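From a predicted model like this one, the values you see are computed outputs, not experimental measurements.
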Amino acid sequence: MPVRPDVQPVPPAGVAAPARGVVAMPATPERTGVDGATQMLQASDVTAAIFVDRSGRRARLLRRVVSVVVLLALLLLGALWVSQGAEVLGPRMAA
């Protein structure tokens with residue numbers, strides 16, 4: 001009978017089979033055993049900078065984009081104001 005490579009042979013009676021799915025806990029120098037495996041994790045520093053642009057390039061780009069958006073908004077508000085007053089100040093059209 002041929003032996004299939006994907007099937008493990010059954011150990012003979014009286015011989016303990018190796019445990020499957022069990023991983024030995026790593027021993028650490030400061031703590032070993034159950035106490036070392038259940039120690040609390042330290043929270044990371046939430047105040048640390050995530051991205052730091054020391055060159056200032058991103059800040060300059062952001063300042064320019066915001067300036068263009070604000071200027072465009074002011075021009076649109078000015079155009080709206082002029083269009084509202086153009087009827088009163090402009091020449092009268094005969095109906």
Side-chain angles (χ1 to χ4, degrees):
M1 181 172 182
V3 177
R4 290 176 43 190
D6 59 337
V7 177
Q8 296 291 330
V10 177
V15 177
R20 292 185 183 198
V22 178
V23 178
M25 291 177 34
T28 56
E30 65 275 354
R31 294 182 185 240
T32 58
V34 176
D35 291 336
T38 58
Q39 71 185 21
M40 295 292 289
L41 295 174
Q42 297 296 323
S44 61
D45 185 14
V46 295
T47 60
I50 294 172
F51 178 81
V52 178
D53 180 20
R54 298 189 196 291
S55 68
R57 195 170 149 209
R58 178 177 273 196
R60 281 191 303 269
L61 177 66
L62 184 62
R63 189 178 310 121
R64 288 178 182 153
V65 168
V66 169
S67 298
V68 167
V69 169
V70 167
L71 182 63
L72 182 64
L74 288 174
L75 286 173
L76 288 173
L77 281 173
L80 178 69
W81 180 67
V82 168
S83 71
Q84 295 295 317
E87 189 174 300
V88 175
L89 298 176
R92 302 216 182 249
M93 302 285 279

Can you hop from Leu80 to Leu72 via hydrophobic side chains spaced under 4.5 Å?
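The answer is no; the residues belong to distinct hydrophobic clusters.
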Can Leu62 be reached from Val70 by stepping across I, L, V, M, F, W or Y side chains whose heavy atoms are under 4.5 Å apart?
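Same cluster.
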Can you tell me how far apart CG (Leu71) and CG (Leu76) are? Round to the nearest 0.5 Å.
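It is 9.5 Å, given to the nearest 0.5 Å.
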